[in-house]
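I have placed the structure first, in the form of structure tokens, so that the comments after it can refer back to it.
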Amino acid sequence: MKIGILGGGQLGRMLIQEALKYDDEWFTLDPAADAPCHTISNFTHGNFDDFDTVFNFGKGKDVVSIEIEHVNVDALFELRECGIKVIPSPEIIQIIQQKILQKEFYKKHGIPSPEFQIIKNKSEADFPLPFVQKMNAGGYDGKGVQVIRTREDLESLWNVPSVLESLVDIEKELSIIVAISESGETKTFPVTEMIADPKLNLLDFNICPAHISAAVETQIQEIVNKFIAAANAPGLFAIELFLDKSGKVWVNETAPRLHNSGHQTQEGNANSQFEQLYRVLKNLPLADTAACGFSGMLNLVGEENFSGKVKYEGLDEVLKLPKTYVHLYGKTETKPGRKMGHINVLADSRHELLDQLIHIKSLVKVTA
Ligand code: ADP
């Protein structure tokens with residue numbers, strides 16, 4: 001089959017890396033000439049947010065998918081009109097692209113998500129403090145999100161269409177990856193805990209399975225069931241969740257694609273999120289997602305104050321460790337906060353896993 005992916009970053013790269021054991025032709029489209037997929041697929045250099053570029057790229061493929069949601073969705077609707085399979089559906093991509101539509105989607109389908117107000121500009125803001133402002137479009141990795149705590153903070157509201165959302169008193173940030181096949185089969189990966197680095201606002205560690213109560217598991221299962229019914233189309237989705245201090249689970253947002261919170265599935269589960277998306281794209285039986293004990297992931301992120309040709313300090317020490325797996329994304333240039341790779345770790349207990357992750361974090365540095 002000819003499979004086209006909009007975006008040629010690390011998510012696409014790891015998908016193709018996994019799927020090369022099967023017989024398919026892979027095509028990727030990315031605006032960066034040296035994108036991580038450029039050497040491992042039939043690569044087109046171009047913008048995935050341009051109608052003609054996306055339409056021409058998709059023509060002649062059997063299935064088109066994404067590894068980033070900021071793509072030209074009109075071209076995806078048009079491709080589908082021409083009989084090309086598009087997974088996930090252009091409808092769900094369109095909803096997720098816009099925080100306003102995404103929040104309305106949760107509300108409509110009874111999926112618990114923090115209370116909110118929609119504003120077109122800052123003069124409309126009328127929401128109890130403290131709250132979080134989220135730009136309607138264009139935000140990612142914590143950009144386009146700000147916390148407004150006091151009346152003085154109201155001055156710094158961005159004057160753009162946004163969602164104002166109650167500030168959740170977060171106990172834990174969790175994620176669950178859900179696969180829906182065209183035949184209607186569904187499967188989830190075990191819930192993962194995401195531990196963030198407050199300075200970079202970027203995901204830092206993943207720990208799987210999450211340490212949560214049965215009551216929390218039940219709430220998450222209800223959310224997953226509602227999401228599957230509401231999405232009503234094939235795809236692989238990462239639902240990002242907040243567990244608040246009172247034990248209630250809220251949906252933060254959903255990614256209609258492979259996700260950083262699922263990287264440890266490469267060695268930590270019977271099959272990875274990459275294998276699972278492949279199965280979805282080909283409408284094959286979904287893969288077993290069982291966990292092999294405890295698994296975790298540490299992002300390799302460009303250190304502050306270093307830009308240029310990348311150097312991975314301490315990697316040799318890491319490679320000597322048992323049950324430790326290094327994944328680099330083929331990016332030659334580092335800059336502060338850039339995701340360059342990750343390290344997966346397996347362990348027999350949560351305690352051992354955390355110790356090992358912290359130890360590894362102290363060993364490696366991404367510099368230039
Ligand atoms: P992005 O899409 O850029 O990753 P998110 O909506 O996930 O943005 O927000 C980034 C981070 O901001 C979250 O991981 C969380 O830590 C914090 N955050 C977002 N919304 C809320 C909220 N309603 N209450 C508390 N913290 C929040």
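Values in this document were obtained by computation on a predicted structure and should not be read as measured data. Atoms within a ligand are numbered from 1 in the order they appear, just like the ligands themselves.
The shortest separation from a heavy atom of Met194 to ligand 1 is not under 4.0 Å, leaving the residue out of contact. Distances from ligand 1 to the non-hydrogen atoms of Ser166 include at least one value under 4.0 Å. Residue contact check for ligand 1: Trp250 places no non-hydrogen atom closer than 4.0 Å to it.
Side-chain contact between Tyr325 and Leu346 is present, with heavy atoms from C-beta onward closer than 4.5 Å. Between Tyr278 and Leu284, the closest side-chain pair of non-hydrogen atoms falls below 4.5 Å.
Of all atoms in ligand 1, listed by their number and element, those nearer than 4.0 Å to a heavy atom of Glu173 are 13 (C), 14 (O), 15 (C), 16 (O). Near Leu167, meaning under 4.0 Å from one of its heavy atoms, ligand 1 places the atoms 24 (N), 25 (C). Those atoms of ligand 1 that come under 4.0 Å of a heavy atom in Glu240, given as number and element, are 7 (O). For ligand 1, the atoms lying closer than 4.0 Å to a non-hydrogen atom of Lys99 are 2 (O), 6 (O). Per-residue contacts place Glu165 under 4.0 angstrom from the following atoms of ligand 1 (heavy atoms of the residue considered): 20 (N), 21 (C), 22 (C), 23 (N).
Of all the heavy atoms of Val145, the ones lying under 4.0 Å from any atom of ligand 1 belong exclusively to the side chain. Looking at Glu69 against ligand 1, nothing comes within 4.0 Å, counting heavy atoms. The side chain of Ile170, and not its backbone, has at least one atom closer than 4.0 Å to an atom of ligand 1 (non-hydrogen atoms only; side chain from C-beta on).
The aromatic rings of Phe127 and Phe131 sit perpendicular to each other, their planes meeting at more than 60°, with 30° as the lower class boundary.
Legend: ring pair (Phe, Tyr, Trp, His ring centres under 6.0 Å) pairs involving residues 348-368, not counting sequence neighbours: none detected.
Classification of Lys226 and Glu222 as a salt-bridged pair fails, no side-chain N sitting under 4.0 Å from a carboxylate O.
Of all heavy-atom pairs spanning Pro234 and Ile87, the tightest one is O-CG2, 3.7 Å.
Under the ring pair (Phe, Tyr, Trp, His ring centres under 6.0 Å) criterion, Phe306 pairs with no residue, sequence neighbours left out.
Distances between N or O atoms of Val132 and those of ligand 1 include no value under 3.5 Å.
The six-membered or imidazole ring of His342 lies near that of Tyr329, with a centre-to-centre distance under 6.0 Å.
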